[in-house]
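Please read the structure below before turning to the comments.
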Amino acid sequence: MAEAAPLYDTYSRAPLRFERGEGVWLITESGERYLDFGAGVAVTSVGHSNPHVVAALKEQADKVWHLSNIYEIPGQERLAKRLTDATFADKVFFTNSGAEALECAIKTARRYQFSKGHPERFHIITFEGAFHGRTLATIAAGGQEKYLEGFGPKAPGFDQVAFGDIEAVRAAITDATAGILIEPVQGEGGVRPATPEFMKALRQLCDENGLLLILDEVQTGVGRTGKLFAHEWSGITPDIMAVAKGIGGGFPLGACLATSEAASGMKAGTHGSTYGGNPLAMAVGSAVLDIILADGFLQQVRDVALVFRQGLASLKDRYPDVIEDIRGEGLLLGIKAAVPSAELLQAIRAAHLLGVPAGDNVIRLLPPLVVTAEEAREGLARVERAAESIRASKVKKTA
């Protein structure tokens, strides 16, 4: 009898074991090279083993790793200043993950209303298809039954409405509403972008009703859509924003950004983190921003994204029996499959290309933001190879 695995059985892992990475490539223990268009689910934003980021980590590792927020941490102040200079925000709280950043965002919104004399205003309007993390609060915010099942009563204070339905949002606002939480592009939910008109309407509703607009830019942020943050495409700003994934380039790092007004209720002792904002994370986050904020970098992301998107649209036209639709913004793209998405993902993986499954029968393609047009075309060739193999398999079955 085989020995039981020592890990929790919470993941259905692909039978692949990667030993090292180089840019947009991952290499297995046996030396096989895979084009990584999953990027650890939009995490390795500046590629694997990026020399600038590796150097920053090594330099800091020789100094001090952990200090605790009992003391001042200069790296936090530097990175927070860079983030506030580049965004709407005035204040930053550093975390280790996206779920923690969302927890901070939710607490910030509730605490704001409490500090203004409205303790009854703790409900947050969220959207069907959302994914905000795996804590008890964030699975309640996401509202998906498959993540809620078996974990006891759903945490109160989250009111879900249909994604993109502004009248449903308006109808859901009550005297208990504190804010509205949305992903500008639903990633896990099937790469579904909110329209600029919808985002503007949400901003207006918040302004009219004394609510806080909270954005989950954990997956869409730090250049993923071709702007530093996805909400910039809509010409609006939030009051609070959760960030993670790409900001650390693979190192566990998240942040909750807010205006001074929105963060005004978060006084000493109201929130904390043992590891959040540790010197190693701050050094890596700042090195990632060096790359993302460099002149011309985001334009390059947009240029390559256009090549990739157009190529995928061409494949959709040529393989309508395999690819139903192409969705997304920038380098957050989704293939809605005309066959079971697991079948297409398996075929893509057989072509040594890595993608990420999502809801609504979609496969996400999220290459590192340093991907070149040539590498994007190589990815397209591998998607085509996968589509051709599925078509050939269909023909064989019907022969």
Side-chain angles (χ1 to χ4, degrees), residues 18 20-27 32-53 185 187 191 193 219-230 232-233 245-246 249-250 287-319 322-323 325-336 344-345 347-356 358 362-388:
F18 295 108
R20 67 187 190 280
E22 301 167 355
V24 300
W25 296 90
L26 281 171
I27 299 96
E32 291 183 278
R33 292 172 65 86
Y34 282 76
L35 195 55
D36 183 11
F37 278 22
V41 194
V43 168
T44 46
S45 51
V46 293
H48 297 284
S49 303
N50 185 286
H52 181 65
V53 178
V185 182
V191 191
Q219 189 164 155
T220 58
V222 197
R224 178 54 54 184
T225 67
K227 297 278 193 183
L228 186 57
F229 290 101
E232 295 174 40
W233 291 107
K245 290 188 181 288
V288 168
L289 277 192
D290 288 342
I291 298 166
I292 302 291
L293 294 178
D295 287 346
F297 183 85
L298 291 175
Q299 183 60 55
Q300 172 72 5
V301 170
R302 294 192 289 271
D303 291 345
V304 175
L306 182 60
V307 169
F308 197 34
R309 178 69 177 257
Q310 288 177 338
L312 288 172
S314 175
L315 291 177
K316 169 184 171 288
D317 292 341
R318 288 156 53 206
Y319 296 93
V322 179
I323 299 173
D325 193 21
I326 304 299
R327 304 172 170 177
E329 299 284 350
L331 290 175
L332 170 51
L333 294 173
I335 299 174
K336 182 171 172 62
L344 180 55
L345 185 61
I348 285 173
R349 200 174 285 154
H352 283 210
L353 177 70
L354 303 176
V356 179
V362 167
I363 294 169
R364 281 172 281 181
L365 296 175
L366 312 156
L369 304 182
V370 294
V371 66
T372 65
E374 183 180 358
E375 289 163 339
R377 292 187 186 99
E378 178 60 32
L380 290 168
R382 295 179 187 220
V383 174
E384 181 170 13
R385 202 180 309 162
E388 192 62 52

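In what follows, every heavy atom counts, from backbone to side chain, and hydrogens, waters and symmetry copies are set aside.
Of the options Leu289, Ile292, Leu369, a side-chain contact (heavy atoms from CB on, under 4.5 Å) to Val46 is made by Ile292 and by none of the others.
Note that NE2 of His52 is 5.5 Å distant from CD1 of Ile291, once rounded to the nearest 0.5 Å. Put simply, CZ on Arg20 and CG on Leu26 are 10.5 Å apart, with the number rounded to the nearest 0.5 Å. Here Leu354 contributes atom CG and Arg349 contributes atom CZ; the two are 7.0 Å apart, rounded to the nearest 0.5 Å. Atom OH of Tyr319 is separated from atom CG of Leu344 by 12.0 Å, given to the nearest 0.5 angstrom. One distance of note links CZ of Arg302 with CG of Leu306; it measures 11.5 Å at 0.5 Å rounding. Distance check, rounded to the nearest 0.5 Å: NE2 of His48 to CG of Asp36 gives 4.0 Å.
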TODO: Please lay out, stage by stage, how Leu333 and Val191 fare under the test side chain to side chain contact (heavy atoms under 4.5 Å, CB included).
DONE: CA-CA 7 Å; Leu333 294 173; Val191 191; 5.8 Å; no
Open item on the list: Gln219 vs Val185, test: side chain to side chain contact (heavy atoms under 4.5 Å, CB included). Steps then yes/no.
Closed with: CA-CA 8 Å; Gln219 189 164 155; Val185 182; over 6 Å; no
Task: Val383/Phe37 under side chain to side chain contact (heavy atoms under 4.5 Å, CB included): CA gap, chis, key distance, verdict - done: CA-CA 11 Å; Val383 174; Phe37 278 22; over 6 Å; no
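Across every non-hydrogen atom of Val362 and Arg327, the tightest pair is CG2-NH1, 3.6 Å. The minimum heavy-atom distance linking Gly23 with Pro368 is given by the pair O-CG, 4.2 Å. When all heavy atoms of Ala42 and Lys245 are compared, the closest pair comes out as O-CB, 3.6 Å. Nearest heavy-atom pair, Ile348 versus Ala386, reported as atom, atom and distance to 0.1 Å: N-CB, 3.6 Å. Between Val304 and Ala376, the closest heavy-atom pair is CG1-CB, 4.0 Å. Between Pro367 and Ala39, the shortest heavy-atom contact is C-CB, 4.3 Å.
Remark: Ile326 pairs with Arg309, Leu312, Lys316, Ile323, Ile335 by the side chain to side chain contact (heavy atoms under 4.5 Å, CB included) rule, at least two apart or across chains. Under the side chain to side chain contact (heavy atoms under 4.5 Å, CB included) criterion, Glu32 pairs with Thr28, Ser30, Tyr34, His352, sequence neighbours left out. When the side chain to side chain contact (heavy atoms under 4.5 Å, CB included) test is applied to Ser49, no partner is found at least two apart in sequence or on another chain.
Using a cut-off of 4.0 Å between Lys/Arg side-chain N and Asp/Glu carboxylate O, Glu22 and Arg33 are scored as salt-bridged.
Using a 4.5 Å heavy-atom cutoff, the side chains of Leu293 and Leu228 are in contact. Between Lys227 and Leu298 the shortest side-chain heavy-atom distance does not fall below 4.5 Å. Phe229 has its side chain out of reach of Thr220: every pair of non-hydrogen atoms, C-beta onward, lies at least 4.5 Å apart. Counting only heavy atoms from C-beta outward, the side chains of Trp25 and Leu35 approach each other to under 4.5 Å. Residues Thr225 and Glu232 fail the side-chain proximity criterion, which asks for heavy atoms closer than 4.5 Å.
No more than 12 heavy atoms of other residues, nucleotides or ligands lie within 6.0 Å of CD in Glu374, so this atom counts as exposed by the packing criterion.
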